[in-house]
Amino acid sequence: QVQLVESRGGLVQAGGSLRLSCAASGRSISTYNMGWFRQAPGREREFVAAMRWRTTNTYYGDSVKGRFAISRDNAKNTVYLQMNGLQPEDTAVYYCAAGSGDGYGRPRVYDYWGQGTQVTVSS
């Protein structure tokens, strides 16, 4: 199994940038699809970004395309989410996830989840 721990989020001004990290242990992330999701109060968990393990193809939710980027460092067993041009609507708890299926955009295809980290964007 895989244990995932997100880095501390934070408070950032609108237009700013923040990088989240997700440190994995237990197994190598090199054979897992990795994803980022977020959830705001009263909202369903929303797909943010994903990377397939074999091809390293990346995928993004419509609301973050062109602003966010997912990357991975297999040597460090860590996945990153670079967030640029942050806006108040990006405020949410962000979760990293690992899965072995073919899907990437729905929470149910992921097997392991981090505890979540709060990102708050002020206007």
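Side chains are part of it too, since the values below use all heavy atoms of this structure and drop only hydrogens, waters and symmetry mates.
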Does the [X] side chain pair with the main chain of [Y], one donor and one acceptor, at a distance under 3.5 Å?
| X | Y | value |
| --- | --- | --- |
| Q115 | V5 | no |
| R72 | I29 | yes |
| Y110 | G105 | no |
| T117 | G9 | yes |
| S30 | S28 | no |
| N57 | R52 | no |
| Y104 | G99 | no |
| N33 | G101 | yes |
| E6 | L20 | no |

Nearest heavy-atom approach of L11 to S122 is CD2-OG, 3.9 Å
Tightest non-hydrogen contact, residues G61 and F47, listed as N-CE2, 3.5 Å
Next on the checklist: Under 6.0 Å from the ring centre and within 45 degrees of the ring axis: does the NZ or CZ of R45 meet both conditions for the six-membered ring of Y95?
Outcome noted: yes
Side chains of E89 and S63 only: does a donor on one sit below 3.5 Å from an acceptor on the other?
no
Across all chains, not counting sequence neighbours, the side chain to side chain donor-acceptor pair (under 3.5 Å) partners of N84 are S17, Q82
Taken to the nearest 0.5 Å, the spacing of M34 CE from W53 CH2 works out to 14.0 Å
- Has Q13 got more than 12 heavy atoms of other residues, nucleotides or ligands less than 6.0 Å from its CD? no
